[in-house]
Protein chains: 2
Amino acid sequence: MSKPGAYTRADVVDTALRLLDQYGLADLSMRRLAAELEVQPSALYWHVPNKQTLLALVSDQIIGRAAPVDDLGDWKATTLAGATAIRNALMAFRDGAEVVSSTLALGLGADGALARIRGGIDQYCPDAEIARVSAESILFLVLGQVWHEQQRMQADSLGVVAPAVEANPEDAQAASRVLQEQIDSFEFGVGLILAGLETRMAAVR
Amino acid sequence: MSKPGAYTRADVVDTALRLLDQYGLADLSMRRLAAELEVQPSALYWHVPNKQTLLALVSDQIIGRAAPVDDLGDWKATTLAGATAIRNALMAFRDGAEVVSSTLALGLGADGALARIRGGIDQYCPDAEIARVSAESILFLVLGQVWHEQQRMQADSLGVVAPAVEANPEDAQAASRVLQEQIDSFEFGVGLILAGLETRMAAVR
DNA sequence: ACCTGAACACCGTTCAAGT
DNA sequence: ACCTGAACACCGTTCAAGT
């Protein structure tokens, strides 16, 4: 904003996020991003040290846009709400889960995701180590599931394989059923971990 | 084997697996693989339609080398043994978890992994849908954890960040403690899901 | 402070042609 | 059946130089 025509780092990240959502991670190259900004590829390296860092910043944006988590009284409900907020944030951008997974594996960004899930757990679990491992388990579960779903959505849209439900004239109905199944298995999986943690906590007492 | 000097698909996959373990996924290119086989890059496309498929075949090798799972009587112990076998298989090759994660997300191969985990669950859980979702949850957890660990190992070896435990003269002791912590949190996480499933099953009855 | 121009060292994939 | 040679359309990154 110092000069017209001069981009800021935030502009670069925002554009990367938009390209990610429009064309997917495979087509998000530094050169394509530069072209979109009508700038030479080398110009990007003034704003960002490398692509890895850029993707970490993109991940932070994705996670940062997750809805704030209310304290619902019940710690299990609160934790599920946190996990759901992360899930929805990942789903809001094409290949969101893959991008966040890789930068998280690199230990680069997106620690906000863990924090959001720990909110509910910490208020009930006194052992910080147990809380951390439990929250990580939930996060891995959410990332794995959403990644799987997003890949499926893309495969379906490309017609690579037959959609799970087809040959049904009421496509909207079928699609909503698939969606419901995904939500169900999401809540089921998180519920398993929460129930397991509860058992574990009760046993110690 | 038809002519000396003529490679088979298995040769290509084996060499890819070896390069993966030696240099990591980032340096496993079709061109490098071709060079290793002393062949032109284009020659690979006679054996394999594309890189994606090659990586799926590599994944199948990684998972296929997992130890067979004995029935331990207790379904929880059997399932944990299955998950541990998968974990060890992933750990046996550099970037094993990342390779398997991505091809699994593409829905390409490595279904053997799910099957191995379901072995223990199926013999106790009558509902196939619940068994499937539970096994998937465990698989996502294992993949996420091992990916995380393998990335940490690489970061440590490159000296990018300070290792978790350092400044200790007894390095071997510190390393074995880290290893034990990883195994503990692995068994803890899987244990949560198994305990949760048990609770869930008991409630239905 | 922000960007261009040019270069370096790579990619995956296709396809006609060879043996 | 298995591979070469040559090409196409790309990559990420560096770095001197410009304004």
Side-chain angles (χ1 to χ4, degrees), chain A residues 1-17 19-20 22-59 95 98-99 102-103 105-106 108-109 151 154 158 160, chain B residues 1-17 19-20 22-59 95 98-99 102-103 105-106 108-109 151 154 158 160:
Chain A
M1 201 171 271
S2 51
K3 257 200 219 176
Y7 286 118
T8 165
R9 174 189 272 226
D11 295 328
V12 172
V13 174
D14 282 357
T15 307
L17 195 55
L19 286 188
L20 173 71
Q22 272 180 31
Y23 307 108
L25 180 59
D27 288 334
L28 175 55
S29 67
M30 296 298 272
R31 295 180 107 102
R32 206 183 208 290
L33 176 56
E36 188 75 15
L37 292 166
E38 289 177 301
V39 119
Q40 295 301 311
S42 49
L44 299 176
Y45 291 84
W46 193 91
H47 298 284
V48 128
N50 48 50
K51 189 180 182 181
Q52 208 176 215
T53 303
L54 174 64
L55 288 181
L57 294 170
V58 167
S59 290
D95 292 339
E98 187 174 358
V99 175
S102 47
T103 68
L106 295 184
L108 276 182
Q151 203 58 47
Q154 195 169 337
L158 292 176
V160 175
Chain B
M1 203 171 270
S2 51
K3 255 201 218 175
Y7 287 118
T8 165
R9 172 189 274 226
D11 296 328
V12 173
V13 174
D14 282 357
T15 306
L17 196 55
L19 287 188
L20 173 71
Q22 272 181 31
Y23 306 107
L25 180 59
D27 289 334
L28 176 56
S29 67
M30 296 298 271
R31 295 179 108 102
R32 205 184 209 288
L33 176 56
E36 187 76 16
L37 292 165
E38 290 178 300
V39 119
Q40 295 300 312
S42 51
L44 299 176
Y45 290 84
W46 193 90
H47 299 283
V48 127
N50 49 47
K51 189 180 181 180
Q52 209 176 216
T53 302
L54 174 64
L55 288 180
L57 295 169
V58 167
S59 290
D95 292 338
E98 187 174 357
V99 175
S102 48
T103 67
L106 295 183
L108 277 181
Q151 204 58 48
Q154 194 170 336
L158 292 175
V160 176

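Heavy atoms only: backbone and side chains are in, while hydrogens, waters and symmetry mates are out. Sequence lines set the chain letters: A, B, ... in the order given, protein chains first and strands last, and positions in each chain run from 1.
Here A:Leu106 contributes atom CG and B:Gln151 contributes atom CD; the two are 4.5 Å apart, rounded to the nearest 0.5 Å.
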Distances for protein N or O near nucleotides 8-11 of chain C N or O, under 3.5 Å:
| residue | atom | partner | partner atom | Å |
| --- | --- | --- | --- | --- |
| C:dC11 | OP1 | B:Ser29 | OG | 2.9 |

Pairs under 3.5 angstrom, nitrogen or oxygen only, protein versus nucleotides 3-5 of chain D, please.
| residue | atom | partner | partner atom | Å |
| --- | --- | --- | --- | --- |
| D:dC3 | OP1 | B:Gly5 | O | 3.2 |
| D:dC3 | OP1 | B:Tyr7 | N | 3.0 |
| D:dC3 | OP2 | B:His47 | NE2 | 2.6 |
| D:dT4 | OP2 | B:Gln40 | N | 2.7 |
| D:dG5 | O6 | B:Ser42 | OG | 2.6 |

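Sorted pairs that involve residues 25-34 of chain B and meet salt bridge (charged side-chain N to carboxylate O under 4.0 Å, His left out), not counting sequence neighbours, are lacking altogether.
Between the side chain of A:Asp95 and the backbone N or O of A:Gly24, no donor-acceptor pair lies under 3.5 Å.
The shortest heavy-atom contact between A:Leu33 and A:Ala16 is CD1-N, 3.7 Å.
With rounding to whole Å, A:Arg9 atom CZ is found 15 Å from C:dA1 atom P. Rounded to whole Å, atom P of D:dC15 lies 13 Å from atom OH of A:Tyr45.
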Got a list of side-chain donor-acceptor pairs under 3.5 Å for residues 37-58 of chain B, not counting sequence neighbours?
| residue | atom | partner | partner atom | Å |
| --- | --- | --- | --- | --- |
| B:Asn50 | OD1 | B:Gln52 | N | 3.4 |
| B:Asn50 | OD1 | B:Thr53 | N | 2.9 |
| B:Asn50 | OD1 | B:Thr53 | OG1 | 2.8 |
| B:Lys51 | NZ | B:Leu28 | O | 3.1 |

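Between C:dA9 and D:dC8, the distance separating the two P atoms is 22 Å to the nearest Å.
Scored by the side-chain contact (heavy atoms from CB on, under 4.5 Å) test, A:Gln22 finds A:Arg18 as partners (sequence neighbours excluded).
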Which dot-bracket string describes DNA chain C (Watson-Crick N1-N3 plus N6-O4 or O6-N4, or G-U N1-O2 and O6-N3, all under 3.5 Å; [ ] crossing; | other strand)?
||.|||||...|||||.||
